[in-house]
Amino acid sequence: GGSWTVRTTSGGLYDGFNGARIQTAEDTWTTALPSTPDAIADEFCAAGSSAGVTLISSVRLRHSAREETLLGRPVESWSEGPFGAAPVAWDTHEPIGRRWDRAALTEALREEMPGPATVIVGGPSLSATITAERTDLGVEEEDVIEMGLAGSTADDLGLLRDQQADVLRQLAESAMPVVAVQMIRPGGQELTIPPSLRPPPIPLLLLLGPPTVRELGIDVSAMSDRFGAEQVGRPRLPSLLFTFGSVTEAWDRVAEVLAAIDHRGELSQALFTPSAPEEARHG
């Protein structure tokens with residue numbers, strides 16, 4: 001619910017979230033989202049500099065509703081390896097002040113269920129939310145994780161993709177993933193949002209877990225033959241791991257995969273449509 005007013009070097013003002021030109025700081029509360037280029041400040045569209053990339057991960061898991069179930073595993077798994085950023089604190093609201101403890105955060109989420117409940121996680125170069133709710137199928141967990149990474153050379157991105165593919169393979173073997181997607185965008189290790197238009201994220205990896213493979217009626221062998229998808233996880237409950245290769249071709253590859261399996265558009269909507277707050281901020 002906050003507002004962000006940016007003053008330019010020439011004395012003009014604009015909304016730091018969506019670039020709309022404004023006359024006073026108070027206009028951030030009432031000015032409509034810009035619908036034409038003329039309504040957007042030139043400074044908002046200027047390309048910013050970045051010393052690294054941000055890895056954006058979203059993973060949905062399905063758990064049995066058991067006392068021993070612990071939530072938040074992806075946040076720990078994503079932090080392993082040379083590019084990892086470990087979680088150090090969590091809380092039910094900001095500022096976060098409780099030491100990282102999966103048992104404690106699981107108990108806090110359990111107390112707020114059966115409806116959706118969310119906790120916030122943070123650490124150096126790490127920001128995440130863990131949301132869980134009880135359903136007829138057990139406990140559904142969704143983790144959204146951002147990690148700031150120094151450096152953005154082609155070699156770095158190749159190593160990052162390989163490391164995260166290993167993380168997804170291990171997840172498919174030891175848990176019940178529904179779906180996971182990982183993307184990158186230019187960004188700094190401090191994970192701040194610049195007062196300028198950011199390029200869209202680029203897909204790196206997509207994991208379709210057993211429930212998604214079953215519910216969409218996906219032919220595992222056909223996906224392997226057509227798109228080079230890797231069958232991972234347990235043989236009787238296969239998952240599919242898609243690697244999108246070159247960043248210049250990634251979105252085209254995603255479109256081809258989704259066109260082949262997502263006939264009703266529900267998966268596309270869930271994975272690649274911005275949330276309401278993000279959509280409102282960036283138009």
Side-chain angles (χ1 to χ4, degrees), residues 55-66 68-87 102 106 121 128-133 135 137-147 157-184 201 203-245 250 253-254 256-258 260-262 266-268 270-272:
L55 174 68
I56 306 163
S57 305
S58 177
V59 56
R60 178 174 284 269
L61 301 173
R62 184 169 295 166
H63 305 278
S64 299
R66 297 175 180 172
E68 61 269 25
T69 294
L70 289 180
L71 306 176
R73 177 179 175 183
V75 179
E76 284 189 335
S77 298
W78 264 237
S79 69
E80 298 170 355
F83 298 97
R102 287 177 59 198
T106 297
V121 180
T129 59
I130 301 172
T131 300
E133 65 178 316
T135 71
L137 300 174
V139 175
E140 297 272 340
E141 173 188 355
E142 182 172 14
D143 294 12
V144 179
I145 309 157
E146 293 194 10
M147 290 198 312
L157 295 182
L159 290 172
L160 175 65
R161 182 188 291 111
D162 292 345
Q163 173 201 322
Q164 293 301 310
D166 283 341
V167 172
L168 291 175
R169 291 185 189 102
Q170 293 169 11
L171 194 72
E173 291 175 0
S174 58
M176 183 59 71
V178 178
V179 65
V181 63
Q182 294 191 311
M183 299 184 284
I184 58 167
L204 283 182
L205 299 160
L206 172 65
L207 176 71
L208 303 180
T212 302
V213 170
R214 182 178 62 253
E215 290 166 13
L216 293 181
I218 297 174
D219 186 326
V220 173
S221 297
M223 291 297 103
S224 299
D225 294 340
R226 182 174 177 186
F227 299 108
E230 178 185 354
Q231 181 175 330
V232 296
R234 288 158 283 185
R236 294 184 62 185
L237 295 170
S239 298
L240 283 171
L241 178 62
F242 296 85
T243 302
F244 297 119
R253 293 275 294 160
V254 168
E256 292 172 1
V257 170
L258 293 179
I261 63 176
D262 189 27
E266 295 175 354
L267 186 60
S268 308
L271 292 177
F272 301 112

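Residue indices begin at 1 and follow the sequence shown.
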[atom1]/[X] to [atom2]/[Y] distance, rounded to the nearest 0.5 angstrom?
X: Leu55; Y: Leu160; atom1: CG; atom2: CG; answer: 5.5 Å
X: Met183; Y: Ser57; atom1: CE; atom2: OG; answer: 9.0 Å
X: Ile145; Y: Glu76; atom1: CD1; atom2: CD; answer: 10.5 Å
X: Ile218; Y: Met223; atom1: CD1; atom2: CE; answer: 7.0 Å
X: Glu230; Y: Leu205; atom1: CD; atom2: CG; answer: 10.0 Å
X: Met176; Y: Arg62; atom1: CE; atom2: CZ; answer: 8.0 Å

Check whether any side-chain heavy atom of [X] lies under 4.5 Å from a side-chain heavy atom of [Y], and answer yes or no.
X: Arg161; Y: Phe244; result: no
X: Leu240; Y: Val220; result: yes
X: Val139; Y: Thr69; result: no
X: Leu208; Y: Leu267; result: yes

Legend entry - Evaluation steps, side-chain hydrogen bond (donor to acceptor under 3.5 Å, both in side chains), between Ser239 and Arg234: CA-CA 8 Å; Ser239 298; Arg234 288 158 283 185; over 6 Å; no
Of all the heavy-atom pairs spanning [X] and [Y], show the shortest one and how long it is.
X: Val213; Y: Pro238; result: CG2-O, 3.9 Å
X: Glu142; Y: Ser58; result: OE2-OG, 3.5 Å
X: Gly72; Y: Arg102; result: C-NE, 3.9 Å
X: Gln163; Y: Trp78; result: NE2-O, 4.3 Å
X: Asp162; Y: Arg169; result: O-NH1, 4.5 Å

Inset, instruction - Only pairs at least two apart or in different chains count here, so list each side-chain hydrogen bond (donor to acceptor under 3.5 Å, both in side chains) that has a residue in residues 211-225. - result: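 Listed once each, the pairs would be none.
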Inset, instruction - Give the C-alpha distance, both sets of side-chain angles, the deciding distance and a yes or no for salt bridge (Lys or Arg N to Asp or Glu O under 4.0 Å) between Arg60 and Glu141. - result: CA-CA 6 Å; Arg60 178 174 284 269; Glu141 173 188 355; over 6 Å; no
Can you tell me if [X] uses its side chain to pair, donor with acceptor, with the backbone of [Y] under 3.5 Å?
X: Asp143; Y: Ile130; result: no
X: Ser64; Y: Arg66; result: no
X: Ser77; Y: Arg73; result: yes
X: Thr106; Y: Leu71; result: yes

Legend entry - Candidate list Leu168, Val179, Leu241, Val254, test side-chain contact (heavy atoms from CB on, under 4.5 Å), partner Leu206, passing option: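 Option passing the side-chain contact (heavy atoms from CB on, under 4.5 Å) with Leu206: Val179.
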Inset, instruction - Only counting residues at least two apart or in another chain, list the ones meeting side-chain hydrogen bond (donor to acceptor under 3.5 Å, both in side chains) with Arg226. - result: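 In terms of side-chain hydrogen bond (donor to acceptor under 3.5 Å, both in side chains), with neighbours along the sequence ignored, Arg226 is linked to no residue.
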Inset, instruction - Begin from the C-alpha positions of Ile56 and Val181 and carry the test side chain to side chain contact (heavy atoms under 4.5 Å, CB included) through to its verdict. - result: CA-CA 8 Å; Ile56 306 163; Val181 63; over 6 Å; no
